[in-house]
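Before any comments, here is the structure.
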Amino acid sequence: MIDVPLSALEVAMVQTGRRAVETLRDTAAFAQGLERLGYHRVWYAEHHHSPAIGAFPPVVLIAHAAASTSAIRLGSGGVLAPNHAPLTLAEQFGTLAGLHGGRIDLGMGRGPGTFDEATARALRRGAGPTTDAQYHEDVAAILSFLVDEVALDPLPEPWLLASSTAGAALAGRLGLPIALAHHIRPDNTLAAVERYRADFTPSRWCERPRVLVCVEAVCAETEEEAAWRVGPMEVVKAGLLKGRSEIPFPTPAAAATHPFTAEERRALDGFRAQQAVGTPETVVRRLAQLAGETGADELMLTTPIYDLGDRIRSYELVKKYAEATALS
């Protein structure tokens, strides 16, 4: 049984055979669909220079989705602090919160959002990789600007994204709720949760530790169909295992004929076992297990399925089965 809210992370995969503008237009329909299903929030990720993921600024997607919905929370999962001036982020998200009161989240992360060094430098106007100290200063500055410069009411709800104990420690020291990237680095999740709770200091933003765990969840009526749906993302992941970030997001049919090596297959199967892929019963059981292991206050599902209708259907199957088992 799952007794915590369910939310969604939209990565905006650009499907082979479709134009990026079509993926962009799908983002509002996705948010509307998740709102109808009763999901708590939708976050948008920041990525750059990838053939598989759209380079759509989260702040723009949030504004677009907020104008197309009425109740669901919307935010960044995350906006990458080193790529933006702290005051700019504070103004952008403060404005969104002022326009859509009580619905806007500011999820902040550290990475550049790209594997391409030239793109990372372009985003940072020629600067090199950010240091731990610079990142900590940026996050602190964003929070300060929200209060002292933007000063709108209500303010966005700030979150810190993390996939390591170092990021968890920072979230704890700042007294921020934490969103853990289990869908990226599942082996770090439990240690990061422990470090966050050990280092947590209450703040104006959060009185007690609040943990959101993001997990890859692909659900279908049968195990075979779920494996079919997850295939395209596994092709992309296999490329990343080889250090290749230029892999496009293929169709399920193309993914089904992809020649994975034995080593890739072992790695992908190991990763899948730590996520939630399968029938509604399989997925909800795994989500409940993860919530129990981490003590999560919320689970966020990322569902990289090729077709928008199939993607929303996956979220529907999970939500309905979770609600049915909670009532039984």
Side-chain angles (χ1 to χ4, degrees), residues 4-5 7-9 40-46 58-59 62 73-84 86 89-90 92-94 97 104-113 129-148 150 154-215 290-302:
V4 299
S7 295
L9 173 66
H40 184 52
R41 66 180 101 227
V42 172
W43 282 359
Y44 300 94
E46 178 180 347
V59 68
I62 294 165
R73 294 194 67 92
L74 299 158
S76 53
V79 68
L80 302 173
N83 294 344
H84 309 274
L89 285 182
Q92 289 174 344
F93 281 82
I104 303 300
D105 303 323
L106 170 53
M108 296 169 283
R110 173 176 173 169
T130 189
T131 65
D132 287 346
Q134 289 169 334
Y135 175 57
H136 296 183
E137 289 171 5
D138 283 346
V139 173
I142 292 165
L143 297 175
S144 178
F145 283 136
L146 280 174
V147 175
D148 299 328
V150 176
L155 290 172
E157 183 174 87
W159 289 73
L160 202 70
L161 279 62
S163 61
S164 68
T165 54
L170 176 61
R173 290 197 301 271
L174 293 174
L176 294 178
I178 191 171
L180 289 166
H182 183 82
H183 66 300
I184 297 176
R185 294 181 178 174
D187 292 340
N188 292 352
T189 300
L190 294 180
V193 168
E194 183 178 356
R195 181 66 182 272
Y196 170 68
R197 291 202 169 101
D199 287 7
F200 185 82
T201 302
S203 72
R204 64 168 295 149
W205 306 108
C206 197
E207 294 181 354
R208 63 171 184 82
R210 286 177 61 197
V211 175
L212 178 155
V213 176
C214 187
V215 55
L290 186 60
E293 291 172 349
T294 60
D297 300 284
E298 185 173 341
L299 294 175
M300 178 167 278
L301 316 183
T302 183

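Just so you know, these numbers come straight off a predicted model, no measurement behind them.
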What pairs of donor and acceptor atoms, side-chain ones from residues 191-199 against any protein atom, are under 3.5 angstrom apart with sequence neighbours left out?
| from | atom 1 | to | atom 2 | distance (Å) |
| --- | --- | --- | --- | --- |
| R195 | NE | D199 | OD2 | 2.8 |
| Y196 | OH | L176 | O | 2.7 |
| Y196 | OH | R210 | N | 3.2 |
| Y196 | OH | R210 | O | 3.4 |
| R197 | NH1 | T294 | O | 3.0 |
| R197 | NH2 | T294 | O | 3.3 |
| R197 | NH2 | G295 | O | 3.0 |

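Rounded to the nearest 0.5 angstrom, R73 CZ and I62 CD1 are separated by 11.0 Å. Once rounded to the nearest 0.5 Å, the distance linking CD of Q92 with CG of L106 reads 10.0 Å. With rounding to the nearest 0.5 Å, the separation of OG in S163 from CG in L180 is 8.5 Å. How far CG of L212 is from CZ of R41: 6.5 Å, rounded to the nearest 0.5 Å. Atom CG of L170 sits about 9.5 Å away from atom OG of S164, to the nearest 0.5 Å. Atoms NE2 and CD, on H182 and E293 in that order, are 8.0 Å from each other to the nearest 0.5 Å.
When all heavy atoms of G77 and L161 are compared, the closest pair comes out as C-CD2, 3.3 Å. Minimum interatomic distance between R204 and L155 (heavy atoms only, all atoms of both residues): NH2-CD1, 4.4 Å. Closest heavy-atom contact between E46 and N83: OE2-ND2, 3.1 Å. For the pair A162 and A168, the tightest heavy-atom approach, listed with the atom from each and the gap, is CB-N, 3.8 Å. Heavy-atom minimum distance, F200 versus C206: CZ-O, 3.4 Å.
Judged as a side-chain hydrogen bond (donor to acceptor under 3.5 Å, both in side chains), and not counting sequence neighbours, the contacts of S144 are D148. For A97, the side-chain contact (heavy atoms from CB on, under 4.5 Å) partners at least two apart in sequence or on another chain are I104, P156. Under the rule for a side-chain hydrogen bond (donor to acceptor under 3.5 Å, both in side chains), T302 has no partner lying at least two apart in sequence or in another chain. Qualifying side-chain hydrogen bond (donor to acceptor under 3.5 Å, both in side chains) partners for D138, counting only residues two or more places apart in sequence or in other chains: none. For V4, the side-chain contact (heavy atoms from CB on, under 4.5 Å) test picks out I2, L299, with sequence neighbours left out.
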Checklist entry - Taking it one step at a time, do F93 and V150 satisfy side-chain contact (heavy atoms from CB on, under 4.5 Å)? => result CA-CA 9 Å; F93 281 82; V150 176; over 6 Å; no
Item to check | V79 and V59: CA distance, side-chain angles, deciding distance, side-chain contact (heavy atoms from CB on, under 4.5 Å) verdict | outcome: CA-CA 8 Å; V79 68; V59 68; over 6 Å; no
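For the pair S76 (side chain) and G107 (backbone), a donor-acceptor distance under 3.5 Å is present.
Residues P158 and M108 meet the side-chain proximity criterion, which asks for heavy atoms closer than 4.5 Å. Using a 4.5 Å heavy-atom cutoff, the side chains of L160 and W205 are not in contact. Under the 4.5 Å side-chain criterion, counting only non-hydrogen atoms from C-beta, C214 is not in contact with W43.
Within a 6.0 Å sphere centred on CZ of R173, heavy atoms belonging to other residues, nucleotides or ligands number more than 12.
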